[in-house]
Amino acid sequence: MYGHLQRQLAERVRQFIARAHNLELAHIVIEQPPQVELGEYALPLAFELAKKLRKPPRSIAEEIVGGIGKIDGFEGLEVAGAGYINARLNRAELAQAVLSDRQPRAGVVARKTLVEHSSINPNKAAHVGHLRNAILGDTFVRLLRLTGRQVDVQNYIDNTGVQVADVVVGFLYLEKKSRLDIEQLSKQARFDYYCWDLYARVSEWYEADQSHREARIEVLRAIEAGQNETANIAELISLAVLRRHLETMDRLHIEYDFLPRESEILHLNFWDAAFRKLTAAGVLVYQSEGKNQGCWVMRRAGLDSRADRREIREEDQKVIVRSNGTVGYVGKDIAYHLWKFGLLGRDFGYRKFYLYANQHQCWISSTQGEPDHPHFGSVQEIYNVIDARQAEAQNTVIEALRELGYKQQADHYTHFSYEMVALTPRCAAELGYELSAEDKMRSHIEVSGRKGFGVKADDLIDRLIASARKEVDSRHPQLTLDERASIANQIAVGALRYFMLKYTKPSVIAFDFKEALSFEGETGPYAQYAVVRATNIFRKAGLDAEHFGAEVRHNIASSEFSQYLAAGAGNEIWELWLASAKTTYVVEQAIASTEPAYVAKHAFQLAQLFNNFYHCHHILSEPDEARKRFLLVTVAVVRRELIRVLSAMGISVPPVM
RNA sequence: GGGCGCGUAGCUCAAACGGAUAGAGCAUCGGAUUUCUAAUCCGACGGUUGCAGGUUCGAUUCCUGCCGCGCCUACCA
């Protein structure tokens, strides 16, 4: 509703300026005044026009305010300060719209959208960095779906790469395990932890003697070729670890629709099809001499593309096909993205892989699929949640699409880039790692799967649950074991998801258990607690929080809203209604800027306003029945919006806390 | 060397296209509960927004140059 009114205001002002001054303004800046007393919207427009019209800002502002006339939903405009135009909403009207949950929406483009996230190498346990990726991605999916978009969620599985090969080397060369041994091991509860340690050991083994690396090359070759014992073992391991990853993410209510694997991109010859297109269009260039002799290369992204492609300077070359004929991962990624947009002319085979408790089916790619399956891919718009370190590789894929002539697709390809999660030196020390004097001085230290250095996702979730459980046990000893476990679980998920969402994407998260395990202040549990308090009021009053608003909607006169929300004494409660009206607007902003942190901030703001309100008003003891009903309606609306925003972040609210 | 990003309170972070007095949380200190649960609320303390210029009526935000930090810059993924 808030965004809708803002658009209307902008349109009216635009029309007025066009009429009065014959000026077409492309975009009109609208912001929020520092305090609600000044109104709900502020336009600094007059400052901008002052030079153009050769008039002082104040007089321009006065002219606009005087001439624009009545705008639906608004009380009026006024001039403030040196020339701001502030707009006041009709509070009663907006409150009634919010109460009945009216959501006028600007035409939503019904593009089919694909979000790729997680994409964890299936060779070891997931760690905190993967959690940030998955939580950002899953939340973005929820936001897109909230606005009515149709979204496919994909998790790309690199099951034929070096990382999987290294763990295979570990099992075969270090541990001398047979296929049957590995199969037995893979059935243990946290097989991914076993692989985590083994992977670190393999790295040490490589360090000990360079010749050990030959094992990797041999295993890698066998995996890529397929149809042999080593490849079968790699398949066994990667599927077992993948299943563990899905279980870990399932604990956070993160689900996937489809798991495309690199093995199928290889074996279904996706690359051949892509290669033909790329060479035909001259995007790939063969190097017959120089450093990259014998390779097919592409121009690195981000460079001046006017220069002749055929003569790319050596340092600007990105090798796509190696001189031995094998394809690097960027090449496979180009093929995969041609498929995403339905431009490859080939498709995966599909089979069922993982069934969620809610009966949602997750599919996996296969050379020979099941006859009956949904079709993934062929979308109009994609978002790839991939950390900032891969920006250049992502841009290279985008450039390849563009140079192939797929401009539309390239324009709808968004690298949803975010910074990594690192560990504070204190956290690293806590985990038992020895730090150099230099490392101790750093603000953060990068995690490294190769070294086994990092916080495992399941460990963190376990600790959060244990910590929440301790609190719940002491507060609600009368509840059953299951009830307490379930509440602790919701709180843990709320804390973790909020923690990963509250930072803006370009900020490196310096992970620390103390911060992550906090349930106070700007945290998920803080927002959950606000909802619990709201629910308690209704429970004590013997009312149904879900339906209260709808039930009394027609019994509250407009004059009552005007009275209780009047400027002055009503400002404080009005802020709650105004914030409640902003949810859709905030979601739109978050999508447009691919920044879920806006949504987290909004949730916190709502909770903070509510907690303050809760403290100031004793609703159930309110003697004035009409006023009591109004306060209850206020609680119902804020509660509804908080639940909605939290749910968009994948956070549910416990019945009690 | 080149590319991308960052530098804001003791710490961790905000600040919508350049706007009104740069805001939160944590930490520290002081207060609030006969009440709908204190995982809460209120107050205090805390800032030359890395430095120097420039553009502008107005700069944390845009431009230039420095300083510091991180990441990328492999025939790894």
Side-chain angles (χ1 to χ4, degrees), chain A residues 27-35 38 42 44 47-48 50-51 56-57 80-84 86 121 158 160-164 262 291-297 300-303 315-324 326 328-330 332-333 387-393 395 417 419-420 422 424 442-444 446 468 471-472 475-476 491 495 502-504 506-510 512 514-515 518-523 525-526 528-530 532-541 585-586 589 592-593 595 597-598 601 604-605 608 611-612 614-621 635 656-657:
Chain A
H27 190 71
I28 292 174
V29 176
I30 299 189
E31 53 203 25
Q32 286 159 45
Q35 300 99 20
L38 295 170
F47 300 112
E48 218 180 305
K51 203 187 305 173
Y84 280 97
N86 289 345
N121 278 308
D158 178 6
T160 56
V162 184
Q163 297 213 20
V164 168
E262 190 165 276
K291 180 178 114 194
N292 295 324
Q293 185 177 6
C295 299
W296 289 86
V297 306
R300 202 177 287 287
L303 301 165
E315 62 265 37
D316 296 345
Q317 294 175 4
K318 174 74 197 168
V319 172
I320 304 297
V321 182
R322 303 178 190 111
S323 57
N324 66 6
T326 58
Y329 102 108
V330 174
K332 292 172 202 158
D333 224 21
D387 76 65
R389 285 172 291 198
Q390 297 198 45
E392 192 176 283
N395 288 333
S417 170
E419 269 295 349
M420 62 185 172
T424 61
R442 292 169 182 269
S443 65
H444 54 79
E446 191 170 354
E471 292 291 327
V472 176
R475 284 160 209 250
H476 306 285
I491 291 170
K502 74 190 225 186
Y503 300 94
T504 54
S507 164
V508 175
I509 297 181
D512 194 307
K514 187 173 159 288
E515 294 247 346
S518 169
F519 298 150
E520 288 166 20
E522 196 193 339
T523 66
Y526 175 91
Q528 290 172 315
Y529 186 62
V532 168
R533 287 177 136 184
T535 307
N536 282 345
I537 297 173
F538 284 96
R539 196 178 41 230
K540 274 274 160 75
Y585 172 76
V586 171
Q589 298 283 315
S593 52
E595 185 49 275
Y598 292 152
K601 292 282 174 224
F604 179 62
Q605 203 211 341
Q608 205 175 28
N611 275 329
N612 179 285
Y614 179 91
H615 189 259
C616 296
H617 303 276
H618 298 287
I619 297 168
L620 295 182
S621 59
V635 176
V656 294
M657 275 178 81

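Letters A, B, ... mirror the listed sequences (proteins, then strands); counts begin at 1.
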Closer than 4.0 Å, any side-chain N/O of [X] to the OP1 or OP2 of [N]?
{"X": "A:Tyr526", "N": "B:A24", "value": "no"}
{"X": "A:Arg533", "N": "B:A38", "value": "yes"}
{"X": "A:Arg475", "N": "B:U37", "value": "no"}

Would you say the side chain of A:Ser323 and the base of B:C75 hold a donor-acceptor pair, judged only by whether the two atoms sit under 3.5 Å apart?
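For A:Ser323, whose side chain was compared with the base of B:C75, there is a donor-acceptor pair (under 3.5 Å).
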Any N or O donor-acceptor pair linking the side chain of A:His618 to the base of B:U35 at under 3.5 Å?
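Indeed, a donor on one side and an acceptor on the other fall under 3.5 Å apart.
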[X] side-chain proximity, nearest of [options]:
{"X": "A:Arg300", "options": "B:A39, B:A74, B:A15", "result": "B:A74"}
{"X": "A:Gln608", "options": "B:A39, B:A77, B:A24", "result": "B:A24"}
{"X": "A:Val29", "options": "B:C17, B:C71, B:A20", "result": "B:C17"}
{"X": "A:Phe47", "options": "B:C72, B:C41, B:C57", "result": "B:C57"}

For [X], report the nucleic acid contact type (base, sugar-phosphate, nothing); a contact means any heavy atom under 4.0 Å.
{"X": "A:Asn536", "value": "base"}
{"X": "A:Phe538", "value": "nothing"}
{"X": "A:Tyr503", "value": "sugar-phosphate"}
{"X": "A:Ala42", "value": "base"}
{"X": "A:Ile320", "value": "nothing"}
{"X": "A:Gly294", "value": "nothing"}
{"X": "A:Gln528", "value": "nothing"}
{"X": "A:Lys291", "value": "base"}
{"X": "A:Gln293", "value": "base"}

Could you give the distance separating B:U61 and B:C75 at their P atoms, to the nearest angstrom?
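Looking at atom P only, B:C75 and B:U61 are 39 Å apart.
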Can the ring centres of A:Phe604 and A:Tyr526 be said to be less than 6.0 Å apart?
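Yes - the distance between ring centres of A:Phe604 and A:Tyr526 falls below the 6.0 Å cut-off.
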Specify the residue among A:Val472 and A:Gln163 whose closest nucleotide of RNA chain B lies further upstream toward the 5′ end.
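This one resolves to A:Val472.
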Let me spell it out: for each of A:Gly81 and A:Glu522, pick the nucleotide of RNA chain B with the closest heavy atom. Which residue's pick is nearer the 5' end?
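On the 5' side of the pair lies A:Gly81.
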